[in-house]
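This report refers to the structure that appears directly beneath it.
Within every chain, numbering begins at 1; the chains are lettered A, B, ... in the order of the sequence lines, protein sequences first and strands thereafter.
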Number of protein chains: 2
Amino acid sequence: MGKKDPDSYLFLDKQLCFSLYSVSNAMGRAYRPLLKKLDLTYLQYIVMMVLWQYSTMNVKELGGKVHLDSGTLTPLLKRLEAKGLIIRARGQQDERVRIISLTDAGKNMRLQAEQVPQAMLSKSKMNVDELTALKKSCDILLLNLNNHNSA
Amino acid sequence: MGKKDPDSYLFLDKQLCFSLYSVSNAMGRAYRPLLKKLDLTYLQYIVMMVLWQYSTMNVKELGGKVHLDSGTLTPLLKRLEAKGLIIRARGQQDERVRIISLTDAGKNMRLQAEQVPQAMLSKSKMNVDELTALKKSCDILLLNLNNHNSA
DNA sequence: TTAATTTAAGTTGTGCGCAATTAAGTTGCT
DNA sequence: AGCAACTTAATTGCGCACAACTTAAATTAA
């Protein structure tokens, strides 16, 4: 079961990773016109989602949620601050920490954003059960890849 | 079946797209140490794979295979050329076309690259049938998203 | 209580992705 | 032939991702 011709391993159309990579790019392109109305990129939208849920977070906690580090997040957060959506304060007990919170404009954007997931669901042309199953497989793979194994 | 609380749509851990995005990033990170030996990025590896399979291709055909355009590919191909892996010739019947082909060094790299898919399979800690099923779902979603629907 | 270590965030540099534009070559039409 | 329409690449500019490094603050250890 599941046997493959070893000679074919380097063929693009056999590789899961390439499908994953392509569909992730395609997803980003599909979001773009929807998020243009909010003047957000996909990652900015993701960060806003975290803040809508948790209200306040420092850079490290945020990085844990979105699987990214300060190298990516710091400039992104500066852009969100420049747009007037968030505040980047310093922790008073620990001066190293940046505490990110939403402005009123940032909070209000949530209402606009609530239409995005439905629009994407429609673009996917798949039903919720199929998407849930796909998500579950992705989450398992993500977990396996993140347990930096030696092999 | 498959009913969800509408209030939860904007929660990160409910969103397939975020899983897809995260696993695609994680995949890139997992490839990095393997491809470092070949001095290739993931996309460069993908392009080399296409050339190992088809020997010769112009930018447009290549873009069709990898779902990317000249804005991404032209600088990448220049870097592969600088590494001595490919040749970027002009079409003789049509001067607009760039014909990409492999140098001997580029052809020889295939032997080294053949170990990469197995190493990634091992990192995934999933079996081939699971990965095949996941790939199939991704391919369907990719197709749906690429049929730029209006909805 | 200094000194060493650790931690949080920021900085720098490279390489994508992609929209928008440009340049140059080809085709079609009359 | 002449010119508009189209096609192929290349270019420009922005925003990620990420490795490697730096800075500054906090913690620990001696």
Side-chain angles (χ1 to χ4, degrees), chain A residues 18 20-33 35-36 38-48 57-64 66-83 88-100 145-146 148, chain B residues 18 20-33 35-36 38-48 57-64 66-83 88-100 145-146 148:
Chain A
F18 178 64
L20 234 35
Y21 165 82
S22 297
V23 79
S24 175
N25 284 347
M27 183 213 77
R29 287 191 294 270
Y31 266 105
R32 200 172 301 258
L35 294 179
K36 191 165 194 177
L38 309 180
D39 188 31
L40 293 179
T41 66
Y42 179 65
L43 182 57
Q44 289 168 10
Y45 165 72
I46 287 296
V47 167
M48 292 301 289
M57 275 217 150
N58 65 45
V59 173
K60 182 152 200 238
E61 293 166 334
L62 192 52
V66 303
H67 311 298
L68 293 167
D69 68 0
S70 64
T72 302
L73 291 175
T74 296
L76 179 139
L77 292 170
K78 284 183 179 173
R79 283 189 284 271
L80 288 179
E81 186 181 44
K83 290 181 193 183
R88 295 165 66 241
R90 285 288 185 188
Q92 63 276 61
Q93 77 283 31
D94 188 338
E95 282 283 322
R96 290 170 306 178
V97 176
R98 275 283 187 197
I99 291 156
I100 314 299
L145 290 176
N146 278 345
H148 350 275
Chain B
F18 178 64
L20 233 36
Y21 164 82
S22 297
V23 81
S24 175
N25 285 347
M27 182 214 77
R29 287 191 294 269
Y31 266 105
R32 199 172 301 257
L35 295 179
K36 190 165 193 176
L38 309 179
D39 189 31
L40 293 180
T41 65
Y42 178 66
L43 182 56
Q44 289 167 9
Y45 165 73
I46 287 296
V47 167
M48 292 302 289
M57 275 216 149
N58 66 44
V59 174
K60 180 150 201 238
E61 291 166 335
L62 193 52
V66 302
H67 312 299
L68 293 168
D69 68 2
S70 65
T72 301
L73 291 176
T74 295
L76 179 138
L77 292 169
K78 285 184 179 173
R79 283 188 285 270
L80 288 179
E81 186 181 45
K83 291 180 194 183
R88 295 165 65 241
R90 285 288 185 190
Q92 63 275 59
Q93 76 281 32
D94 187 338
E95 282 283 324
R96 292 170 304 179
V97 176
R98 274 282 187 198
I99 291 156
I100 313 300
L145 290 177
N146 277 346
H148 346 276

> Can you name the residues that form a salt bridge (Lys or Arg N to Asp or Glu O under 4.0 Å) with Arg32(A), not counting sequence neighbours?
Replying inline: none
>> Which residues pass the side-chain contact (heavy atoms from CB on, under 4.5 Å) test with Val97(B), not counting sequence neighbours?
In response: Asn58(B), Asp94(B), Ile99(B)
> Which is the 5'-most and which the 3'-most nucleotide of DNA chain D that has an atom under 4.0 Å from a heavy atom of chain B?
Replying inline: dT7(D) to dA20(D)
> With Tyr42(A), which residues qualify under ring pair (Phe, Tyr, Trp, His ring centres under 6.0 Å), at least two apart?
Replying inline: Tyr31(A), Tyr21(B)
>> Pick the closest DNA chain D nucleotide for Asp69(A) and for Gln92(A) by heavy atoms, then say which residue is nearer the 5' end.
In response: Asp69(A)
Interface polar pairs with nucleotides 7-17 of chain C, N/O, under 3.5 angstrom:
unit_1: dT7(C); atom_1: O2; unit_2: Arg96(A); atom_2: NH1; d: 2.7
unit_1: dA8(C); atom_1: OP2; unit_2: Lys60(A); atom_2: NZ; d: 3.2
unit_1: dA9(C); atom_1: OP1; unit_2: Val59(A); atom_2: N; d: 3.2
unit_1: dA9(C); atom_1: OP1; unit_2: Arg98(A); atom_2: N; d: 3.1
unit_1: dA9(C); atom_1: OP2; unit_2: Lys60(A); atom_2: N; d: 2.7
unit_1: dG10(C); atom_1: OP1; unit_2: Arg88(A); atom_2: NH2; d: 2.7
unit_1: dG10(C); atom_1: OP1; unit_2: Arg98(A); atom_2: NE; d: 2.4
unit_1: dG10(C); atom_1: OP1; unit_2: Arg98(A); atom_2: NH2; d: 3.3
unit_1: dG10(C); atom_1: OP2; unit_2: Thr74(A); atom_2: OG1; d: 2.8
unit_1: dG10(C); atom_1: N7; unit_2: Ser70(A); atom_2: OG; d: 2.6
unit_1: dT11(C); atom_1: OP2; unit_2: Lys78(A); atom_2: NZ; d: 2.5
unit_1: dC16(C); atom_1: OP1; unit_2: Thr41(B); atom_2: OG1; d: 2.6
unit_1: dC16(C); atom_1: OP2; unit_2: Gln44(B); atom_2: NE2; d: 2.8
unit_1: dC16(C); atom_1: OP2; unit_2: Arg79(B); atom_2: NE; d: 3.0
unit_1: dC16(C); atom_1: OP2; unit_2: Arg79(B); atom_2: NH2; d: 3.0
unit_1: dC16(C); atom_1: O5'; unit_2: Arg79(B); atom_2: NH2; d: 3.2
unit_1: dG17(C); atom_1: OP2; unit_2: Tyr21(A); atom_2: OH; d: 2.1

>> I'd like to check the side-chain contact (heavy atoms from CB on, under 4.5 Å) partners of Asp69(A); sequence neighbours left out, ordered by chain and number.
In response: Thr72(A)
>> Tell me every residue that passes side-chain contact (heavy atoms from CB on, under 4.5 Å) with Lys78(A), counting only those two or more places apart in sequence or in another chain.
In response: Thr74(A), Arg88(A)
> Partners of Glu61(A) by salt bridge (Lys or Arg N to Asp or Glu O under 4.0 Å), sequence neighbours excluded?
Replying inline: none
> With sequence neighbours left out, what residues match Arg90(B) under side-chain contact (heavy atoms from CB on, under 4.5 Å)?
Replying inline: Glu95(B), Arg98(B)
>> Go nucleotide by nucleotide along DNA chain C from the 5' end; which of Glu95(B) and Ala26(A) gets its closest nucleotide reached first?
In response: Ala26(A)
> Could you walk me through whether Arg29(B) and Asn146(A) pass the side-chain contact (heavy atoms from CB on, under 4.5 Å) check?
Replying inline: CA-CA 9 Å; Arg29(B) 287 191 294 269; Asn146(A) 278 345; 3.8 Å; yes
